[in-house]
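Sequence lines set the chain letters: A, B, ... in the order given, protein chains first and strands last, and positions in each chain run from 1.
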Amino acid sequence: MSNSKRQITSQGASPAFEQVKPGSNAGTADLLIAGQPSQSPMFDAALMEEICQRSNLLPALKRVMQNQGAPGVDGMTVEELPNYLKAHWLDIKERLLHGVYRPQPVRKVAIPKLNGMGVRQLCIPTVLDRLIQQATLQVLQAKWDRSFSEHSYGFRPRRSAHQAVAQAQSYLKAGYEWVVDLDLEKFFDRVNHDRLLSVLAQRISDARVLQLIRAYLKAGVLENGLVSPRHEGAAQGGPLSPFLSNVVLDELDKELERRGHQFVRYGDDCNIYVCSQRAGERVMASISRFITHRLKLKINQSKSAVARPHERKFLGFSFTASGGLHRRKVANEAIRRFKQRVRQLTRRTRSVNWQERIAELSQYLRGWKAYFEFAETIRQFKDLDSWIRRRLRCALWKQWKTYRRRKRELIALGVPPLLAHTTAWSNKGPWRICHTPGVQLALSNDYFNRQGLPKLND
DNA sequence: TGGCCTAATTG
RNA sequence: AGACAAUUAGGCCA
C-alpha cells in the first residue's frame with residue numbers, strides 16, 4: 001500500500017522541482033531505515049512537493065500566515081510558499097542530508113480547555129518545520145505502523161475510535177466485566193527524550209534522521225520574545241508528536257500483550273479488561289509500577305480507577321449497566337457538552353436570523369451524529385431530539401413576543417384560528433406552551449424536517 | 001471513480 | 001478564536 005503512494009510521488013514530480021536536483025537522481029534514498037534500505041525516497045524534492053501540494057495543508061498555512069505570520073519564513077503569502085521552497089530547497093536539503101538542519105523555535109500558545117478550567121500548552125512549529133515533520137511522519141509511519149499493537153487505535157491510519165470502542169465492548173461481552181482505566185499524567189510533557197531516541201535508534205539506522213527528530217524534540221520554545229531550551233516532552237502540536245507518542249507507548253502495549261491482557265489503547269487512554277475487582281487491582285498495581293519505573297511516566301491517580309465499565313467513559317462512550325448486555329451508550333459528559341452547545345447555538349441573543357440558526361445547529365447535529373450514532377441506545381437520541389425541538393419551539397415562541405404576532409404566525413403555519421387565538425392568548429411560560437396542541441401542530445416534527453434539521457434518531 | 005472544501009468527534 | 005493525527009458525515013467539481 002505504501003508502494004503505490006510512493007510511485008505516485010515520483011511520477012508526480014513537477015519539472016520545476018526536478019531541475020532543482022539535477023545531479024542527485026540516483027540518491028533518492030537520502031535517509032535509510034533499517035531493514036529496508038534504498039526503498040525510501042524520504043526527503044527528495046518530489047516528496048516535498050507532494051506535501052506542499054497537499055491541499056489539506058494549505059488552509060493551515062493560510063491561517064498561520066494571516067494570523068501571526070510565519071516565524072522563520074517571514075513576510076510570505078501562501079502563493080509564494082511553493083516558490084520559497086523552490087528557491088531554498090536545495091539549501092535546506094543540503095542541511096538535511098548532512099544532518100545539520102536545525103528547526104526554528106516553536107511558538108508556544110495557551111488555549112483554554114473545553115471542559116475543565118485549565119489551559120493546554122501547544123507548541124506550534126514554523127511552516128517549513130511543519131512540512132518537514134509531516135514528510136518525516138509519512139515515511140516513518142508507513143514503515144512503522146505495521147509493527148504497532150493490534151490493540152492500539154489512536155493516530156493510526158485506517159483505525160478509529162469506533163473500532164476501539166467496539167473492541168472494548170467485545171471484551172465485556174466475553175465476560176471481562178471489570179475495567180482498569182489508566183490515565184497518564186501530562187503525557188506529552190513528560191516524554192523522556194533519551195528513552196524515545198533509543199527506541200527509535202533500534203529501528204532507524206540513519207543517524208541523520210535520528211538527529212533530525214532529536215532536533216525537533218529539543219527545539220527551543222519561543223515565549224514572549226525569549227527562546228528557552230527544552231529537555232523533556234514532545235512539542236504537542238507538531239505533526240510528528242502523535243506518532244512519537246505511539247512509539248513510546250508501544251512498549252506498554254507489548255508488555256500488556258506479553259502478560260496476555262485484554263486491553264485497548266487510544267493515545268494515552270488505556271483500558272484493560274479483567275474478570276474481577278481483585279484481578280483489576282492486582283493489574284493496576286503492577287502496571288503502575290511498570291509505567292513509572294520502566295517507562296518513566298506518571299499515572300494520574302485521580303483519573304485512573306478499577307471500576308465497572310458503566311461507571312467509566314471511554315472515547316466519549318460508556319456502556320449500559322443492566323443485564324450484562326453492555327450496549328454502547330453516549331457518556332454523560334458528552335451529553336452534557338452537547339446540551340451546553342445546543343443551548344449556546346439556540347440562544348436568542350445572538351443576532352442571526354432563524355434560518356441561519358437552524359443551519360448552524362444542523363451542521364453541529366450532523367457532525368455530532370456522525371460520531372455518536374455508533375451508540376446503541378435509541379432512547380438517548382429520541383430524548384435529545386425532543387429536547388432540541390422543544391427548545392427550538394420555545395425560542396421561536398419567545399421571538400414572536402406579542403399576541404398579534406403569535407396568532408398570525410400560528411395561523412400561517414396551518415393552525416385553525418380559534419386554536420391559534422387560545423394558544424396565543426395564554427400566559428403560561430414558553431416552556432409549557434410548547435407542549436400544548438397549538439404549538440405542536442404549528443411547529444411539528446414535520447416542520448423541522450422540512451427546515452432541514454437532521455434527526456439524531458432515524 | 002477520483003479530486004477539493006466544509007463540518008463533527010476522539011486523544 | 002488558534003496546533004496535530006485519525007475517523008465519520010455532508011457538500012462541490014470533473
Side-chain angles (χ1 to χ4, degrees), chain A residues 4 8 12 53-71 106-115 119-127 129-131 133-134 136-138 140-141 145 148 152-166 168 182-188 216 221 234-247 249 264-271 300 303 313-317 330-331 333-335 337-338 341-342 345 359-375 452 454-456 458:
Chain A
S4 60
I8 292 165
Q53 287 182 341
R54 283 178 72 102
S55 64
N56 60 356
L57 210 58
L58 284 176
L61 297 179
K62 198 176 237 163
R63 269 197 301 277
V64 169
M65 302 202 169
Q66 278 172 353
N67 293 350
Q68 1 253 322
V106 292
R107 188 167 38 89
K108 197 168 191 174
V109 240
I111 62 166
K113 273 187 185 163
L114 286 107
N115 26 358
V119 287
R120 211 152 38 110
Q121 300 286 348
L122 290 186
C123 296
I124 304 171
T126 65
V127 177
D129 288 318
R130 228 180 285 180
L131 292 174
Q133 278 196 46
Q134 180 147 14
T136 315
L137 170 69
Q138 286 176 352
L140 288 185
Q141 184 161 258
D145 193 74
F148 281 149
S152 155
Y153 289 90
F155 316 118
R156 294 182 56 188
R158 290 178 302 281
R159 285 176 169 246
S160 68
H162 288 165
Q163 291 169 345
V165 173
L182 291 171
D183 186 277
L184 299 179
E185 194 172 292
K186 297 204 196 90
F187 170 72
F188 277 100
Y216 276 124
V221 179
Q236 184 167 185
L240 216 40
S241 304
F243 172 75
L244 293 180
S245 81
N246 271 338
V247 170
L249 292 178
V264 193
R265 188 173 67 77
Y266 192 105
D268 59 355
D269 207 345
C270 185
N271 281 6
N300 189 335
K303 284 192 193 162
K313 73 173 175 71
F314 181 52
L315 306 177
F317 291 95
V330 184
E333 286 91 335
I335 298 267
R337 275 209 303 276
F338 173 82
R341 186 74 203 278
V342 171
L345 283 174
E360 256 180 282
L361 183 60
S362 295
Q363 74 186 14
Y364 176 66
L365 292 181
R366 237 195 307 283
W368 196 87
K369 182 184 169 190
Y371 184 77
F372 283 107
E373 210 175 20
F374 194 56
K455 276 219 283 259
L456 297 178
D458 54 300

Sugar-phosphate only, base, or nothing, as touched by A/Gly238 at under 4.0 Å among non-hydrogen atoms: sugar-phosphate

NZ or CZ of A/Arg156 within 45° of A/Phe148 ring axis and under 6.0 Å: no

Partner set under side chain to side chain donor-acceptor pair (under 3.5 Å) for A/Asn246, not counting sequence neighbours: A/Arg265

Sugar-phosphate only, base, or nothing, as touched by A/Gly267 at under 4.0 Å among non-hydrogen atoms: nothing

base_contact_polar (B/dT10 base, A/Tyr266 side chain, donor-acceptor, <3.5 Å): yes

Side chain A/Gln133, main chain A/Leu240, donor-acceptor under 3.5 Å: yes

Touch class at under 4.0 angstrom, heavy-atom based, for A/Ala331 against every strand present: nothing

Earlier contact from the 5' end, RNA chain C, for A/His162 and A/Pro239: A/Pro239

Side-chain N or O of A/Arg337 closer than 4.0 Å to phosphate OP1/OP2 of B/dT10: yes

Nucleotide nearest A/Ala370 when distance is taken to its side chain, options C/U8, B/dT9, C/C4: C/U8

Test salt bridge (Lys or Arg N to Asp or Glu O under 4.0 Å) applied to A/Glu333 - qualifying residues, sequence neighbours left out: none

Sugar-phosphate only, base, or nothing, as touched by A/Leu122 at under 4.0 Å among non-hydrogen atoms: base

